[in-house]
Number of protein chains: 2
Amino acid sequence: MKEVNNRKSQIIASSALLFQQKGYDACSVRDIANELNIEAASLYHHFKSKEEILSIICFEMAQKLITALDETNDIYFNAEQKIRMAIEQHVAIIANDLSKSAVFLLEWKRLNEPFLSEFKTLRNQYENGFKQIITDGIQEDVFDDVDAKFAVLSVLSSVNWIIEWYKPTGKMQPKEIAEKISDFVLGGLRKKLVTDSNYKQ
Amino acid sequence: MKEVNNRKSQIIASSALLFQQKGYDACSVRDIANELNIEAASLYHHFKSKEEILSIICFEMAQKLITALDETNDIYFNAEQKIRMAIEQHVAIIANDLSKSAVFLLEWKRLNEPFLSEFKTLRNQYENGFKQIITDGIQEDVFDDVDAKFAVLSVLSSVNWIIEWYKPTGKMQPKEIAEKISDFVLGGLRKKLVTDSNYKQ
DNA sequence: TCATTAACCTAACAAGTGTTAGGCAAATTT
DNA sequence: AAATTTGCCTAACACTTGTTAGGTTAATGA
């Protein structure tokens, strides 16, 4: 019933931007306050610590990704379709909020316990979901017999890397980016025929 | 003629380890000094700032990678061989010093000008070298007509990601890791025959 | 109208930051 | 034997850090 607390999300958005730009540790609560034209102490009316802001950003993004992956698993049955859809969703979520994504991907390490362990659990949950799709694909003989762990890491590192170069004003839109990445990684995943001219032994 | 300054490299090694563990900003010069059982001020006999230590680590790694890529380009002629060799070298260099590599890959953002621009230049140089190999491969019709920029980012993000999970004590050794990654990305790169059963138009 | 809540303020805190100045002792070089 | 270099020290600096206590003001709800 509780509607979106606007001031809170404003602070979180500004924090995410600054955490992305300067890094969590190099960004002071006074930096954040300054961005919002308030005093540093005023932030503590909304949050009980700087780390809480970081944790909210990290867990919010993690939750979004996990939810999207669950939905994908519910809708599609074919492993290739699942991978395509999962990548598309992942790219869309990241492209939708680059700052928060960058914080989620890079600054989560600054979390302390118990946040840290909890975050790692969610992260593993998501990675395992991805891995499962690939494992299924191999089982169904749709994918080549690649090392599933490797494949997941390659796929995820590729899609996550877009935070380093994606610009919303650029020519390439999320959907197109996702397609290109899918094409590329599916090339590495798909069952290859031995008659393929360049196929090595 | 100047031999390796041992104390200096000790300090750099300790710094790299701590920068990796805590992050550059969260790691104080007193943390570094403590690790070496000396006082913080003593570090300034060897370096003129904390940032100098960071820059040495970043540039040393960048230089190693660039040199290795140059050598690869000198030795091999075939695009596929080049990619395989480049990946192998890259993985070997990273695996050889995980701490410095992690700092090189993640903490370079904390550099200030003029270091920052200089670093970015080296980074682009390396990426372009990689990209050139792929472009050549496409031209020679060895590789599929993929987006070279995308391919490079996928390849490099995959190999760089190993700093997150590689353990020297683990079963998989650098050479094997490089092979697996090569197999995977070359699957995405190789020219595919249209007779390939799963090939989607 | 009164009470409550939301949003902010000033002032201060203890602790930690990178860095400098100047000095001392041992090892190395001349 | 003298001079220099190397490696470290103590002490201090000006500044920044996250956070707390306690108070004010305006909006909201009863």
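A note on names: the letters A, B, ... follow the listed sequences, proteins ahead of strands, and every chain is numbered from 1. Being a predicted model, the structure only gives us computed values, none of them experimental.
Nearest nucleotide to the B:Ile38 side chain, out of D:dC9, D:dG7, C:dA7: D:dC9. Distance from the side chain of A:Ala41 is smallest to C:dC9 among D:dG18, C:dC9, C:dT19. Closest to the side chain of A:Ala40, out of C:dT19, D:dT19, C:dA7, is D:dT19.
At least one side-chain nitrogen or oxygen of B:Ser28 sits closer than 4.0 Å to the OP1 or OP2 atom of C:dT17. Of the side-chain N and O atoms in A:Tyr44, one or more sit less than 4.0 angstrom from OP1 or OP2 of D:dT19. Taking side-chain N and O atoms only, B:His46 has a distance below 4.0 Å to OP1 or OP2 of D:dC8.
Remark: A:Lys50 qualifies as a cation-pi partner of A:Tyr24 under the 6.0 Å distance and 45° angle criteria applied to the six-membered ring. The cationic atom of A:Lys82 (NZ for Lys, CZ for Arg) does not lie both less than 6.0 Å from the six-membered ring centre of A:Phe130 and within 45° of the ring axis.
Between B:His45 atom NE2 and C:dA25 atom P there is a gap of 17 Å when expressed in whole angstrom units. Rounded to a whole Å, the CD atom of B:Glu39 is 15 Å from the P atom of C:dG16. In this entry the distance linking NZ of B:Lys22 with P of C:dG16 reads 11 Å, nearest Å. Atom CG of A:Leu43 and atom C1' of D:dT20 are 14 Å apart (whole Å).
Using a 4.0 Å heavy-atom distance criterion, A:Ser42 is classed as a base contact.
With A:Gln20 as reference, A:Ser99 is the one residue of A:Ser99, A:Ser15, A:Ser101 to meet the side chain to side chain donor-acceptor pair (under 3.5 Å) rule.
One donor-acceptor pair, N or O on each side, does fall under 3.5 Å between the base of D:dG18 and the side chain of A:Arg30.
Taking a cutoff of 4.0 Å between a charged side-chain nitrogen and a carboxylate oxygen, B:Lys131 and B:Asp147 do not qualify as a salt bridge.
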